[in-house]
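Report on one structure; see the data block that follows.
Chain naming here is simple, since letters A, B, ... match the order of the sequence lines and numbering starts at 1 in each.
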Number of protein chains: 2
Amino acid sequence: MLADVAREAGVDPSTASRVLRGTVARVSPETRKRIEEAAQRLAYHANATARALRLARTEAIGMVVPQLDNPVFSTTIGGAQRAAEEAGYALLIVHQEPGASTADLARRLDASRRVDGWLIAAADEDAALRDALATLAVPYVVLNRQMQGVPFCAALDNAAAARMAVEHLLSLGHRRIGHLAGRLQGYNGMGRLLGYQQALQAAGLATHPELVAEAGYTVGGGAEGMRRLLPARPTAIFAATLVAAAGALRSLHEAGWGVPHDISLIAMHDGPVAELVHPPLTTVRMPTSRMGQVATEALIALIEGRGAERPAILAPEGLILRASTAPWTGND
Amino acid sequence: MLADVAREAGVDPSTASRVLRGTVARVSPETRKRIEEAAQRLAYHANATARALRLARTEAIGMVVPQLDNPVFSTTIGGAQRAAEEAGYALLIVHQEPGASTADLARRLDASRRVDGWLIAAADEDAALRDALATLAVPYVVLNRQMQGVPFCAALDNAAAARMAVEHLLSLGHRRIGHLAGRLQGYNGMGRLLGYQQALQAAGLATHPELVAEAGYTVGGGAEGMRRLLPARPTAIFAATLVAAAGALRSLHEAGWGVPHDISLIAMHDGPVAELVHPPLTTVRMPTSRMGQVATEALIALIEGRGAERPAILAPEGLILRASTAPWTGND
DNA sequence: CTGTTAGCGCTTTCAT
DNA sequence: ATGAAAGCGCTAACAG
């Protein structure tokens, strides 16, 4: 209790508060010293609840995530946590159950004023989400996608990542490059497809519809998509996600195609899974942790009235070369 | 604001509070109705901060986790989140950075009285953790291990899971069964080794030291451990974790041993990774989500003064049969 | 059955 | 430079 510290130092609580909060206070050095020592001795830490009530700021931010066990989100949380802690904020995680509408959940917590702002990492953009965001009483920031009319978004540069992946394959001599796409309706899936097309175009290659299969974000989808791509006889594949790539690996194995001997495979996103499969996957590493950090910093800026900058579209961190890609030597 | 609701309903705030909090209140039905309608109309939700200050309870619990991207922890968080929400508590995640001492982090938050209790999922038990726990001002519960003198622990029944795995291999006719162990000093690694030995013993088989290799919890460790096991010519392996199993798969592949043709492989813990590798792994599924749930319920009981029960040691959920195990047909 | 009163721990004018 | 006083929004005695 502050009162204890004040008593111990022989001053009024208000004076102790001034010192301990580091206000621009005019306090005599001796008094300051006495108070600081007393606080130290009593291991004083301000009661966050009382502060929050008085200041009308909780110094906590909430984060809505659709899945915890997806490395993309868990690393994003890591980045957010670090940035929050850095700025003295606590991070409250709200795991959005598959059923629940994204911000329905948040809304309840929002109304109870437990947090000063929201980080929203929604799986999908839908009208319901938009509506919910509009009713939020506190600032918010959207992660992992851009959305029109949202104060701040932090997203990955999907097109650049896709280009980087495809350019790698091109540099290895591949010309028939297939794409296992994410959801073609979604922000991220769309961006990756676009980058894939841009890279081919820049290399003077035509894009063939039969070289693109929507695989979604599951192993089964990846396996199934790969099977559909096989007849087109690609010599290399750019998979939109690690999970889809793992599925592709399975189909290729079943079909008797050796990786990377018969076909090269590169995936977007890096993570432990890339080293667990055989062969280990060459990937494009994305700054997911940074995305969490950037979003959190922007949110805190918003909360503290320092308006946020424009949306952050984060460039890929680079290629991680492993064993799943190799030069094309065959006669195509 | 409560005052608004009270005004709208033409009553005193205290009366509105009584009704809205569902206190055992003697309030006339009409008054109650007026208040409830007013609250509805104004979309009233109590300010959690003010409540917390008044009640000296935040209705939030904190959870310390060493890693977010480990499926064991992410599913545990999921279970905790559900139980917390069910009981009206918010869940505050504190990601323990590799460097930071487990509860050092918690301690700061603890002193600020942001949470009513702690869920501690520590990676390791050490003296520092014990000391830190002892200084906590609020109740806590330890997950993923048992610790002497801790009010409540929720852990997995490692021995039972190991027995289940080994018994499966035995039932397939295997007799030379190796074990890729976790950390042999750790609670979980030790329990798994014990169960492995128990199952062999129950089957009247001797345990051979050369059939056990400490692999830790990394791919590299698993690969390396498997290499050390090879000379002993096991016909089946029980791996303490999925990650170690994935590493083992790599070594086996490099050594030219076919799975499950030449050797069977079963791992503890089930998760997405089991289906990503080739062949898909047979596993023992563990109730990690339930562990989070049970721990949270016990913590809330502790917080609310209903003393918690004895430690919960959770039995495995069962065998998940995939393609990495097969009957032993060779001449051993 | 309902209103009055006090106070949770802190910060911030406003006085002195 | 420091103290006194008020109040953030809510709940729980205590009165009536």
Side-chain angles (χ1 to χ4, degrees), chain A residues 1-36 38-39 42-60 88 90 109-116 137-138 304, chain B residues 1-36 38-39 42-60 88 90 109-116 137-138 304:
Chain A
M1 283 235 332
L2 181 57
D4 297 335
V5 176
R7 196 174 321 110
E8 175 91 2
V11 298
D12 186 88
S14 61
T15 307
S17 173
R18 275 190 282 256
V19 169
L20 266 13
R21 287 304 118 231
T23 321
V24 254
R26 304 75 42 92
V27 178
S28 79
E30 312 90 77
T31 321
R32 171 178 302 273
K33 184 147 166 292
R34 271 210 324 283
I35 292 171
E36 275 162 353
L42 297 162
Y44 172 76
H45 282 263
N47 179 315
T49 302
R51 260 175 75 70
L53 182 59
R54 176 67 235 239
L55 299 177
R57 297 196 314 110
T58 59
E59 294 181 322
L109 277 170
D110 185 63
S112 70
R113 292 296 155 93
R114 249 183 215 282
V115 299
D116 294 337
V138 294
E304 300 183 347
Chain B
M1 283 234 333
L2 182 57
D4 297 334
V5 175
R7 195 175 321 108
E8 176 91 0
V11 298
D12 186 87
S14 62
T15 307
S17 173
R18 275 190 283 255
V19 169
L20 266 14
R21 285 303 118 228
T23 322
V24 254
R26 302 74 43 91
V27 178
S28 80
E30 311 90 80
T31 320
R32 171 178 302 273
K33 184 147 166 292
R34 273 213 319 286
I35 293 171
E36 276 163 353
L42 273 50
Y44 172 77
H45 283 262
N47 179 316
T49 301
R51 259 175 75 69
L53 183 58
R54 177 65 235 239
L55 300 178
R57 298 196 312 111
T58 59
E59 294 181 321
L109 277 171
D110 185 64
S112 69
R113 292 296 154 94
R114 250 182 216 281
V115 299
D116 295 336
V138 294
E304 299 183 348

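- OP1 or OP2 of D/dG3 lies within a sub-4.0 Å distance of a side-chain N or O belonging to A/T15.
- When rounded to the nearest whole Å, the span between CZ of A/R113 and C1' of D/dC8 equals 13 Å.
- Within the structure, a side-chain polar atom (N or O) of B/Y44 is placed less than 4.0 Å from OP1 or OP2 of D/dC10.
- In this structure, of D/dA12, C/dT2, D/dA1, it is D/dA1 that holds the atom nearest to the side chain of A/S28.
- Scored by the side chain to side chain contact (heavy atoms under 4.5 Å, CB included) test, B/A90 finds A/L92, A/L109, A/R114, B/A60 as partners (sequence neighbours excluded).
- B/R114 places its CZ atom 17 Å from the C1' atom of C/dC8, with the value rounded to the nearest Å.
- Summarising the geometry, atom NE2 belonging to A/H45 is positioned 11.0 Å from atom CZ belonging to B/R113; distances are rounded to the nearest 0.5 Å.
- To the nearest angstrom, P of D/dC10 lies 12 Å from CG of B/L53.
- Taking atom CE of residue A/M1 and atom C1' of nucleotide C/dC8, one finds them 10 Å apart after rounding to whole Å.
- Scanning for salt bridge (charged side-chain N to carboxylate O under 4.0 Å, His left out) contacts around A/E304 gives A/R306, with sequence neighbours left out.
- Look at CZ on B/R21: it is 15 Å from P on D/dG9, rounded to the nearest Å.
- Here the CZ-CZ distance, from A/R32 to A/R18, works out to 11.0 Å after rounding to the nearest 0.5 Å.
- Listed nucleotides: D/dT2, C/dC10, C/dT2. Nearest to the side chain of A/V27: D/dT2.
- Separating the NE2 atom of B/H45 from the C1' atom of D/dC10 is a distance of 16 Å, rounded to the nearest angstrom.
- A search for side chain to side chain contact (heavy atoms under 4.5 Å, CB included) contacts involving B/A50 returns A/L53, B/N47, not counting sequence neighbours.
- Among the nucleotides C/dT12, D/dG3, D/dC10, the one closest to the side chain of A/L55 is C/dT12.
- Following rounding to the nearest Å, B/R57 (CZ) and D/dG9 (P) show an atom-to-atom distance of 21 Å.
- For the pair B/P13 and A/L2, both in contact range of DNA chain C, the more 5′-proximal nearest nucleotide belongs to B/P13.
- Residues forming a salt bridge (charged side-chain N to carboxylate O under 4.0 Å, His left out) with A/D12 (at least two apart in sequence, or on another chain): none.
- Among the atoms of the strands shown, none is found under 4.0 Å from any heavy atom of B/A52.
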I'd like a list of close polar pairs between nucleotides 4-6 of chain D and the protein, N/O only, cut-off under 3.5 Å.
{"from": "D/dA4", "atom 1": "OP2", "to": "A/D12", "atom 2": "OD1", "distance (Å)": "3.2"}
{"from": "D/dA4", "atom 1": "N6", "to": "A/S14", "atom 2": "OG", "distance (Å)": "3.3"}

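- Residues satisfying the salt bridge (charged side-chain N to carboxylate O under 4.0 Å, His left out) test with B/R51, not counting sequence neighbours, are B/E59.
- A straight line from CD of A/E30 to C1' of D/dT2 spans 13 Å, rounded to a whole angstrom.
- Taking only side-chain atoms of A/T31, from C-beta outward, the nucleotide of C/dC10, D/dC10, D/dA1 with the closest atom is D/dA1.
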